[in-house]
Protein chains: 2
Amino acid sequence: MARSDFDLIDFLPYLLNQAAEKSSLGFQAYYKGTYGFLRTEWRVLFHLGRYGEMTAVEIGARAMIHKTKISRAVARLTERRFLTRREDMADRRREVLSLTPLGRKAFEDLCEKAAVYDRDCVAGLSEEEQRVLRAALRHLANIPRD
Amino acid sequence: MARSDFDLIDFLPYLLNQAAEKSSLGFQAYYKGTYGFLRTEWRVLFHLGRYGEMTAVEIGARAMIHKTKISRAVARLTERRFLTRREDMADRRREVLSLTPLGRKAFEDLCEKAAVYDRDCVAGLSEEEQRVLRAALRHLANIPRD
DNA sequence: TGGTAATTGTTGCTTTTGTAACTAACAAGC
DNA sequence: GCTTGTTAGTTACAAAAGCAACAATTACCA
């Protein structure tokens, strides 16, 4: 296979990782500095805020995070009063998680900050480029349109 | 600021991370399974193969990896004979790294596999979408066109 | 019903990463 | 020549992530 023309600099997983890491830095600084959240903690909060009550496994499935990471993130967030667990009486293995008022406040703040931050990220791209970019990323990540 | 219309599902750092993680999995399985490389090790190999001899710091600057990670990756790769270190006599702090024949062979194999893998990644996207995607990612990652 | 398998969530242990301190070498200014 | 500051790379310790085993339920099905 004559592939000597392929340049690793354009290797998609590489480009994606570089862009992901770079674009995460600024926002990470905010939620870490303001709330002391780890990345997984922010993600758990984000999913509960965005989709409503869920169990740990459900969050993990959506966010592609291993359940042990979620377990520990939930433990910390619960301890810090950002969310509560409620036992599902119909299936006592499940613990349904939801945000406390404090958690919702943090979520809403972070959501606003995210909107602004997102704008800065795509500042140099045209509307059309942004559209194509997000669509391609959703496709690559297999994220359904809800 | 009326931003209630912003949906976190489109938050760029999130989309990028999801896409990056998902798209990395398959290739990671290959270099891990075949060579036992960690991600940083593959990256070091990749940069030395793509750009030629470099020092650890230079690799770190290009790849945005902290020097301690590089230090450990280099130690392992050297031990396993994939690369060699040469002291720069003009500046004895610097250690110039380069691939051994074994390292080059691994690099070339991985490079070929990457080309194929890359194709699979973008299989569902049009030529134009691919072009826009890569350009946008390079922009976000601040990767120069070389 | 009873027994095997699957699911939810946690914990212990190992591996990997992050942070800070450190050595060694060079650079710049006086 | 000194002194101070900077740079390359390593190492030690702490934090986080990955992995495997576990208890507690529930599901399946002969």
Side-chain angles (χ1 to χ4, degrees), chain A residues 17-18 20-22 24-25 28-29 31-33 35-45 47-48 53-80 83-98, chain B residues 17-18 20-22 24-26 28-29 31-33 35-45 47-48 51 53-80 83-98:
Chain A
N17 272 291
Q18 296 291 93
E21 199 157 321
K22 195 122 191 173
S24 295
L25 284 180
Q28 179 170 12
Y31 64 65
K32 192 173 173 184
Y35 298 98
F37 288 157
L38 252 28
R39 181 185 300 206
T40 305
E41 285 157 21
W42 147 240
R43 288 228 183 141
V44 167
L45 199 86
H47 280 264
L48 288 175
E53 298 193 329
M54 297 173 85
T55 67
V57 167
E58 286 164 349
I59 296 175
R62 278 193 192 267
M64 299 195 295
I65 303 176
H66 196 268
K67 61 181 182 175
T68 61
K69 263 170 98 172
I70 305 234
S71 177
R72 289 184 246 246
V74 166
R76 276 200 47 175
L77 287 170
T78 304
E79 195 179 341
R80 297 184 56 202
L83 55 85
T84 54
R85 348 155 80 116
R86 173 172 58 76
E87 202 179 52
D88 181 351
M89 294 317 284
D91 181 347
R92 284 168 42 236
R93 288 170 305 185
R94 295 161 43 93
E95 292 208 326
V96 182
L97 307 168
S98 51
Chain B
N17 271 290
Q18 296 292 94
E21 199 157 320
K22 195 122 192 173
S24 295
L25 285 181
Q28 179 170 11
Y31 64 66
K32 192 172 173 182
Y35 298 99
F37 289 157
L38 252 29
R39 180 184 298 204
T40 306
E41 284 157 23
W42 146 241
R43 288 229 183 139
V44 167
L45 199 85
H47 279 265
L48 288 175
Y51 297 104
E53 300 193 326
M54 295 172 88
T55 66
V57 167
E58 285 164 349
I59 296 175
R62 278 194 192 266
M64 299 196 293
I65 303 176
H66 196 269
K67 61 181 181 173
T68 61
K69 262 170 100 172
I70 305 234
S71 178
R72 290 184 252 243
V74 166
R76 276 199 46 175
L77 287 170
T78 303
E79 194 179 340
R80 298 185 55 204
L83 56 83
T84 54
R85 346 155 81 116
R86 173 172 58 74
E87 201 178 53
D88 181 351
M89 294 316 285
D91 181 346
R92 283 165 45 233
R93 288 170 306 185
R94 294 162 43 94
E95 292 207 327
V96 181
L97 308 168
S98 51

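In the text below, chain A, chain B and the rest are named by the order of the sequence lines, each starting its count at 1. None of the values given here were measured: they were computed from a predicted structure.
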Please report, rounded to the nearest Å, how far the [atom2] atom of [N] is from the [atom1] atom of [X].
X: B:D88; N: D:dG9; atom1: CG; atom2: C1'; value: 14 Å
X: B:K69; N: D:dA16; atom1: NZ; atom2: C1'; value: 12 Å
X: A:L97; N: C:dT8; atom1: CG; atom2: P; value: 13 Å
X: A:M54; N: C:dG9; atom1: CE; atom2: C1'; value: 16 Å
X: A:Q28; N: D:dA16; atom1: CD; atom2: C1'; value: 12 Å
X: A:R72; N: D:dC19; atom1: CZ; atom2: P; value: 12 Å
X: A:R76; N: C:dT10; atom1: CZ; atom2: C1'; value: 17 Å
X: B:M89; N: C:dA25; atom1: CE; atom2: P; value: 11 Å

Worksheet item: Does the base of C:dT8 carry an N or O that pairs as donor and acceptor with the side chain of A:R93 under 3.5 Å?
Response: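 Counting by modelled atom types and ignoring angles, no donor-acceptor contact under 3.5 Å is found here.
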
Report all side-chain donor-acceptor pairs from residues 68-79 of chain B shorter than 3.5 Å, counting only partners two or more places apart or in another chain.
{"residue": "B:T68", "atom": "OG1", "partner": "B:H66", "partner atom": "ND1", "Å": "3.2"}
{"residue": "B:R76", "atom": "NE", "partner": "B:E41", "partner atom": "OE2", "Å": "3.2"}
{"residue": "B:R76", "atom": "NH2", "partner": "B:G36", "partner atom": "O", "Å": "3.4"}
{"residue": "B:T78", "atom": "OG1", "partner": "B:V74", "partner atom": "O", "Å": "2.6"}

On the nucleotide [N], are OP1 or OP2 found under 4.0 Å from the side-chain N or O atoms that [X] carries?
X: A:R85; N: C:dT8; result: no
X: B:R92; N: C:dC26; result: yes
X: B:K67; N: D:dA8; result: no
X: A:S71; N: C:dT10; result: yes

Check your understanding: Is there a donor-acceptor pair closer than 3.5 Å between any side-chain N or O of B:R43 and the backbone N or O of B:L38?
Key -> no

Test side chain to side chain contact (heavy atoms under 4.5 Å, CB included), reference A:V96, set A:E58, A:R85, A:E87, A:E53, output is A:E53

Distance col, row A:S24:OG vs A:W42:CH2, nearest 0.5 angstrom, shows 11.0 Å

- [ ] Check every atom of D:dT7, C:dA20, C:dT7 against the side chain of B:T68 and return the nucleotide holding the closest atom.
- [x]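 The listed nucleotide nearest to B:T68's side chain is C:dA20.
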
Among the nucleotides D:dG9, D:dC19, C:dA25, whichever has the atom closest to the side chain of B:D91 is C:dA25

**Q.** Pairwise 5' ranking along DNA chain C for A:R94 and B:H66, keeping only the more 5' one
**A.**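 Residue closer to the 5' terminus by nearest nucleotide: A:R94.
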
query: NA contact type, B:L38, heavy-atom cut-off 4.0 Å: base, sugar-phosphate, or nothing?
result: sugar-phosphate

Scanning both residues in full, the closest heavy-atom pair of A:M54 with A:H47 reads SD-O, 4.1 Å

